Each structure stands twice: as structure tokens, then as C-alpha cells.
Amino acid sequence: YPGVYQAAKSGFDVKFDLSKIDFNQHVQFLSRYTNDPAGNGSYIDYWFNLTNGHPVNNGWLDNFAVSGNQLNISGWHATDTAPFESHHFIILWDATAGRQAGSWQVGTVARPDVARAYPQIADAGRSGFSYSINLSSIHLLSCHTYQVVSRYSTDGTGNGNGNGHQYTDYWFAGKELLQ
């Protein structure tokens with residue numbers, strides 16, 4: 001922008017701790033030029049939208065099947081908050097008993113089909129998951145309904161529900177375990 005005064009000196013590089021920001025709300029950053037060192041004199045602001053306060057949160061469970069001593073779970077969870085909530089967990093919820101049966105931190109896998117379906121979600125192409133649970137490590141009950149919950153969290157322990165952390169869940173429809 002050669003016609004803009006001081007354009008060559010207009011850049012900035014700032015680091016923010018985003019772990020305590022609620023990305024389900026409207027989040028904006030602003031750049032301010034001012035004649036006051038405290039930032040309150042005559043000023044010119046430029047507002048950057050980080051989120052719009054209406055995040056997309058979609059998912060699909062492709063597989064929930066017992067094979068031998070393994071419960072195989074796969075699907076996808078695409079949400080606008082995933083780039084900021086960097087820890088991904090799969091939670092198995094016993095809906096019949098009303099308690100958590102287990103929780104595992106998992107990686108994400110490529111899902112170009114989801115990226116094509118939801119191009120407006122930045123990380124939709126990395127929204128997939130696939131995980132096998134060793135059934136001898138948890139106590140599942142036959143005829144109980146279990147729900148898979150996909151959670152993106154700012155908390156490395158997966159909770160994100162306190163201490164300034166946050167999370168975004170997607171609850172998949174319950175599946176009855178018949179064994």
C-alpha cells in the first residue's frame with residue numbers, strides 16, 4: 001500500500017493466552033493507533049473478528065462396533081472452536097447409569113469429505129477420529145445405552161469445565177450395547 005502513510009511500519013506480532021477465552025462468544029481483537037500512551041486519546045481502531053459468537057458444531061458417528069475384545073469408534077466432529085481448543089477427547093458415557101465409562105485423548109485424522117461439506121469450518125478437514133477401546137480396561141454393561149462424546153478442550157486433562165478452561169462437546173446418539 002504505497003499510498004498509505006507509514007504502511008511499511010504497520011505490522012504487529014502479538015501473542016495471547018487463548019486458554020481462558022470463551023470461543024462460543026463473539027471474540028474480537030482491535031488494533032488502535034492513538035496519541036495517548038494509555039490508549040484513550042484521539043484514536044483510529046481496526047476491529048478483527050476472531051469468532052462470530054455462533055460456532056458451527058456438527059458431527060457424525062461412522063462406527064460403534066464390538067469386535068472381539070475391542071470397541072471400535074470412528075466418526076468426525078467439526079466445530080469452529082477446534083483451532084483454539086487443541087486437546088481432543090473421546091468420552092464414553094453410560095446413559096443408562098448416568099456416568100462416564102471412560103475418556104481418552106485422541107488425535108484427529110484427515111476427513112476431506114467433511115471439509116467439502118463444511119468449507120466454512122477452518123479445521124473441518126482434520127475433524128475425523130478413530131479409536132479402539134480395549135474392553136478389558138473398562139466395565140461396560142450389556143443392555144446399557146452408551147453415548148460417544150467428542151470433546152475439544154483447552155484443558156489437557158479434558159475437563160475444561162473450570163479453572164478458566166473451556167470445551168466444546170458433540171454428543172452422538174446413544175447405542176445400546178448387546179452382549
Side-chain angles (χ1 to χ4, degrees), residues 15-25 27 50-51 54-179:
K15 293 185 186 333
F16 295 97
D17 177 6
L18 299 178
S19 65
K20 297 179 177 148
I21 293 178
D22 183 354
F23 292 100
N24 292 302
Q25 303 297 320
V27 178
L50 187 58
T51 66
H54 304 287
V56 176
N57 189 31
N58 287 318
W60 185 260
L61 193 60
D62 294 324
N63 186 33
F64 182 94
V66 174
S67 176
N69 197 29
Q70 300 287 317
L71 174 60
N72 300 308
I73 299 171
S74 64
W76 58 269
H77 176 197
T79 178
D80 293 327
T81 62
F84 312 109
E85 299 167 338
S86 59
H87 307 283
H88 187 217
F89 293 84
I90 294 299
I91 300 166
L92 190 59
W93 181 259
D94 184 337
T96 306
R99 64 175 180 79
Q100 182 175 295
S103 174
W104 303 269
Q105 188 164 10
V106 300
T108 56
V109 296
R111 287 300 298 253
D113 58 325
V114 179
R116 283 190 300 277
Y118 296 97
Q120 74 278 18
I121 302 175
D123 281 0
R126 299 281 313 153
S127 63
F129 59 87
S130 181
Y131 195 73
S132 294
I133 301 166
N134 184 336
L135 292 176
S136 64
S137 67
I138 59 174
H139 183 67
L140 300 183
L141 301 170
S142 63
C143 299
H144 274 222
T145 299
Y146 290 90
Q147 285 182 270
V148 174
V149 181
S150 175
R151 171 173 288 175
Y152 290 102
S153 178
T154 59
D155 184 356
T157 66
N159 293 323
N161 56 355
N163 301 322
H165 293 284
Q166 72 153 25
Y167 62 90
T168 303
D169 286 349
Y170 190 88
W171 288 69
F172 296 95
K175 304 283 187 180
E176 189 171 346
L177 190 62
L178 303 172
Q179 284 188 342

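Bear in mind the structure is a predicted one, so any value in this text is a computation, not a measurement. Just so you know, residue 1 is the first one in the sequence shown, and it goes up from there.
Shortest non-hydrogen contact noted between Asp123 and Ala82 is OD2-C, 4.4 Å. Between Thr168 and His77 the shortest heavy-atom distance is O-CE1, 3.7 Å. For Val114 against Ser127, the heavy-atom pair with the smallest separation is CG1-OG, 3.5 Å. Residues Ala124 and Ala115 come closest through the heavy atom pair CB-CA, 3.9 Å. Nearest heavy atoms, Arg126 versus Tyr152: O-OH, 4.5 Å. Ser67 approaches Asn72 most closely through the heavy-atom pair CB-ND2, 3.6 Å.
In this structure, the side chains of Val149 and Phe89 stay at 4.5 Å or more apart for every pair of heavy atoms. Side-chain contact between Gln70 and Asn134 is present, with at least one heavy-atom pair separated by less than 4.5 Å. Residues Ser150 and Ile90 have side chains in contact (heavy-atom distance under 4.5 Å, counting atoms from C-beta outward). No side-chain heavy atom of Leu140 sits less than 4.5 Å from a side-chain heavy atom of Ile133. In this structure, Thr96 and Tyr146 have side chains that are not in contact, with every pair of non-hydrogen atoms separated by 4.5 Å or more. Taking 4.5 Å as the limit, some side-chain heavy atom of Leu61 sits within range of a side-chain heavy atom of Phe129. Looking at heavy atoms from C-beta onward, Leu71 lies out of side-chain contact with Lys175 at the 4.5 angstrom threshold.
A side chain to side chain donor-acceptor pair (under 3.5 Å) with Asp94 is found for one member of His144, Gln100, His139 and no other, namely His144.
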- Applying side chain to side chain contact (heavy atoms under 4.5 Å, CB included), run through Leu92 and Val148 and close with a yes or a no. CA-CA 5 Å; Leu92 190 59; Val148 174; 4.2 Å; yes
- Can Thr145 and Trp93 be said to form a side chain to side chain contact (heavy atoms under 4.5 Å, CB included), step by step? CA-CA 8 Å; Thr145 299; Trp93 181 259; over 6 Å; no
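To the nearest 0.5 angstrom, Asn57 atom CG is 7.5 Å from Tyr170 atom OH. Here Arg151 contributes atom CZ and Gln105 contributes atom CD; the two are 12.0 Å apart, rounded to the nearest 0.5 Å. Considering OH of Tyr118 and CG of Asp80, their distance stands at 11.5 Å, rounded to 0.5 Å.
Between the side chain of Thr154 and the backbone N or O of Gln166 there is at least one donor-acceptor pair closer than 3.5 Å.
A 6.0 Å sphere centred on CH2 of Trp60 holds no more than 12 heavy atoms belonging to other residues, nucleotides or ligands.
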